[in-house]
Amino acid sequence: DAGVIQSPRHEVTEMGQEVTLRCKPISGHDYLFWYRQTMMRGLELLIYFNNNVPIDDSGMPEDRFSAKMPNASFSTLKIQPSEPRDSAVYFCASSLGGVAHNEQFFGPGTRLTVL
Amino acid sequence: AQKVTQAQTEISVVEKEDVTLDCVYETRDTTYYLFWYKQPPSGELVFLIRRNSFDEQNEISGRYSWNFQKSTSSFNFTITASQVVDSAVYFCALSEGSGGSNYKLTFGKGTLLTVNP
């Protein structure tokens, strides 16, 4: 079975440009998570969805960031306008919900560089 | 608020040595879940183990073992007879279980383990 798929794997853009990161969760998983990893702040949860509905977006740094999940097999994280401090690795993860707090399966990440 | 502390930023060992990675957590919930993830140089995050707060039994999986002690709020990870392939960043994480569907994972800062041949 395919794991979590993210695209692009690498993105280099200039400050002020719009950036869209994409994620396809594992089929059948009903939770989707977006994380950001930087050297300074480590791994941070940005937002997560349950059955395509955003549940907690308290980790989204500011209004420049937005995330959508139009259907069970696709999610986007958009940054508009991008800034150099947004440079990081962005991970998408999915899990099968339930009482047991199942493990999250992570995608390979998108390395974003904003010049 | 939940918090995870991995005090060891970097550890370097020689192959075949045993190594323990420390994890201390803070939570006000009585129900919670602890995780360890591995991030090898390739960058992906790999799930290693999940433990709930009601199960303090230690676990062994091959060369890996985990020691969960609620009394000290610790969930330490030991690799026995380390190998070069164990070189990675290891993350401890916590998810609080109350509130029905709170699946937020809080990660520690990670410990970079380097196993030298």
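We name chains A, B, ... by the order of the sequence lines, and we start the count at 1 in each one.
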Donor-acceptor contact present, side-chain B/Thr111 to main-chain B/Tyr90, <3.5 Å: no
With a 4.5 angstrom heavy-atom cut-off, which part of A/Thr38 approaches chain B: side chain, backbone, both or neither? neither
Per-residue contact mode, B/Gln6 against chain A (heavy atom under 4.5 angstrom): neither
Toward chain B, the part of A/Gln37 with a non-hydrogen atom under 4.5 Å: side chain
Can any side-chain N or O of B/Ser73 pair as donor or acceptor with the backbone N or O of B/Val24 at less than 3.5 Å? no
Is the distance from the ring center of A/Phe91 to that of A/Tyr35 below 6.0 Å? no
Chain B contact via A/Met40 - side chain, backbone, both or neither, heavy atoms under 4.5 Å: backbone
Return yes when atom CD of A/Glu14 has more than 12 non-hydrogen atoms of other residues, nucleotides or ligands closer than 6.0 Å, and no otherwise. no
Which is it for B/Tyr64 and B/Phe77 under the ring pair (Phe, Tyr, Trp, His ring centres under 6.0 Å) test, yes or no, and what are the steps along the way? CA-CA 7 Å; B/Tyr64 295 171; B/Phe77 173 33; 5.2 Å; yes
With chain A, which of B/Val89, B/Thr106, B/Leu45, B/Val46 has the greatest number of heavy-atom pairs at distances under 4.5 Å? B/Leu45
Under 4.5 Å from a heavy atom of chain B, the part of A/Leu45 involved: side chain
